[in-house]
Amino acid sequence: MTICLLSALITTVLVNSKSAKEVNILSEQPTDLTIYAEKYSDLMQEITQELRINKVRFVLDYAILPDETIEIFIKLPSEEIENRTKIEIEQLVIEVLREKEFNPDQFHLKISSYYETPSDDERSSVRLSYNDLMGNLMQELKKRNHLTFSLEYAITPRHVEVIINLPVDSTENTKLEVEQSAKEVIKRNKYAINDFQITIVSKILTK
C-alpha cells in the first residue's frame, strides 16, 4: 500500500514504562497546525530522550495556545506526584529548552498523573500530538481482550483521524466493538467526538 504524504512525524507512546506500538502521525498537507507540530517535534524528541536517560516513566504531548505559547504535558504513572519529582522534571525540561536556544517563557509545562481527568481549561489549547489519547485507547483495547492491533492517527485540516488496524479475520461485530471503545475513550478524555474520524481496517496477518 502506497500513501502519498507531504510530511510524516513518528513518535512512541510509553505506557506503564514499556515502549508501546509505534504511532504514526501523518499530515496530509502543511497546514498552520502541522507547521507548528513540525517546528517543535525535534525539541519534543530531545525532551523525551532526556527524560528517558533520567529513567522517568512518562507520556509526553504538546499543544499550542491562542498566544502561540506551547504547552508541554508530561503524565506520570502515579496517582500522587511529589513536588520534588515535578521540580526535577521541570529543571530537565528547562535545560533542554535553553540548550536548544528556546526561550523557556514561551512554554508552559504541566506535569500530572495518568489518572488525572483533563481539565476544561486544558482543552483551550489546540493539540499538536495525541500520545496520551493513543495510550489510553491502547490500554482500553487490551482490557477488552483485543491483543493484536496497531494504532495510527492523522492530523488533517478537517479532523483527527484515528486508524485502528485489526487482524484480517476480524468480524463486523469486533470492528463495531473497537469503534465504540475508541469513541468512549475520546469522550472520557473530554475531546469533542465530532473532531475525530475513526477508521477501522483489518489488514494484519496473524498466520
Side-chain angles (χ1 to χ4, degrees), residues 5 7-27 33-65 68-119 122 125-143 147 149-155 160 162-163 185 189:
L5 302 167
S7 60
L9 306 174
I10 297 178
T11 188
T12 300
V13 178
L14 298 181
V15 181
N16 294 335
S17 81
K18 296 181 179 179
S19 178
K21 298 179 182 69
E22 211 170 51
V23 175
N24 295 314
I25 312 170
L26 308 177
S27 303
L33 190 62
T34 58
I35 288 172
Y36 281 113
E38 292 173 357
K39 177 179 178 180
Y40 294 103
S41 63
D42 288 345
L43 175 63
M44 296 305 134
Q45 289 293 336
E46 290 289 341
I47 294 173
T48 296
Q49 183 63 23
E50 187 65 26
L51 292 174
R52 287 179 183 167
I53 289 172
N54 285 272
K55 302 187 185 303
V56 179
R57 297 186 299 164
F58 66 97
V59 169
L60 184 148
D61 280 293
Y62 60 118
I64 186 167
L65 288 164
E68 298 191 9
T69 296
I70 298 297
E71 284 193 302
I72 302 174
F73 305 103
I74 297 177
K75 295 190 176 182
L76 307 177
S78 60
E79 295 189 16
E80 295 184 5
I81 303 170
E82 296 180 357
N83 285 333
R84 180 177 58 84
T85 302
K86 288 186 175 182
I87 292 171
E88 289 174 352
I89 291 175
E90 184 175 351
Q91 289 175 340
L92 287 172
V93 171
I94 289 175
E95 287 176 6
V96 173
L97 292 175
R98 288 175 174 163
E99 180 182 334
K100 297 301 175 181
E101 299 183 346
F102 285 95
N103 181 359
D105 292 338
Q106 296 177 344
F107 294 81
H108 173 69
L109 178 62
K110 181 174 181 180
I111 302 170
S112 62
S113 167
Y114 286 159
Y115 310 100
E116 184 177 326
T117 302
S119 60
E122 179 177 320
S125 58
V126 178
R127 279 297 192 102
L128 301 176
S129 68
Y130 292 88
N131 296 328
D132 54 354
L133 182 64
M134 294 299 104
N136 289 336
L137 177 54
M138 186 179 298
Q139 289 182 321
E140 183 69 20
L141 293 179
K142 286 183 177 179
K143 186 170 71 176
L147 302 180
F149 61 88
S150 65
L151 297 176
E152 295 181 344
Y153 65 92
I155 299 177
V160 178
V162 177
I163 307 160
V185 170
N189 283 268

What side-chain donor-acceptor pairs closer than 3.5 Å can you find for residues 98-107, not counting sequence neighbours?
unit_1: N103; atom_1: OD1; unit_2: D105; atom_2: N; d: 3.0

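In this structure, CD in E46 is found 13.0 Å from CD in E95, a value given to the nearest 0.5 Å. Rounded to the nearest 0.5 Å, atoms CZ (F58) and OH (Y114) are 8.0 Å apart. If you take OG1 on T48 and CG on L43, they are separated by 9.0 Å, rounding to the nearest 0.5 Å. Atom CD1 in I64 sits 10.5 Å away from atom CD in E71 (nearest 0.5 Å). Rounding to the nearest 0.5 Å gives a distance of 11.5 Å between CD1 of I89 and CD1 of I47. One distance of note links CG of L128 with OH of Y36; it measures 9.5 Å at 0.5 Å rounding.
Every residue two or more places apart in sequence or in another chain was checked for a salt bridge (charged side-chain N to carboxylate O under 4.0 Å, His left out) with E50, and none qualifies.
The side-chain tip of R127 points at the ring of F73 from less than 6.0 angstrom away and within 45° of straight on.
In this structure, S113 contributes its side chain and S78 its backbone to a donor-acceptor pair below 3.5 Å. For Y153 (side chain) and M134 (main-chain N/O), no donor-acceptor pair under 3.5 Å exists by modelled atom type. Put simply, the side chain of Y62 gets close to the backbone of A37: a donor and an acceptor are under 3.5 Å apart. Under a 3.5 Å cut-off, the side chain of N189 and the backbone N or O of L133 do not form any donor-acceptor pair.
Counting heavy atoms from C-beta outward, L92 and V96 have side chains that stay 4.5 Å or more apart. Between L76 and V56, some side-chain heavy-atom pair lies under the 4.5 Å cut-off.
Heavy atoms only, all atoms of each residue included: V185 and N136 are closest at CG1-CB, 3.9 Å. The two residues I111 and K86 have their closest heavy-atom pair at CD1-O, 3.5 Å. For Y130 against D61, the heavy-atom pair with the smallest separation is N-OD1, 3.2 Å. Looking at every heavy atom in both residues, L65 comes nearest to S125 through CD2-CB, 3.6 Å. Looking at every heavy atom in both residues, K142 comes nearest to L147 through O-CD2, 4.2 Å.
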Residues L60, N131; criterion side chain to side chain contact (heavy atoms under 4.5 Å, CB included); working and verdict: CA-CA 7 Å; L60 184 148; N131 296 328; 5.5 Å; no
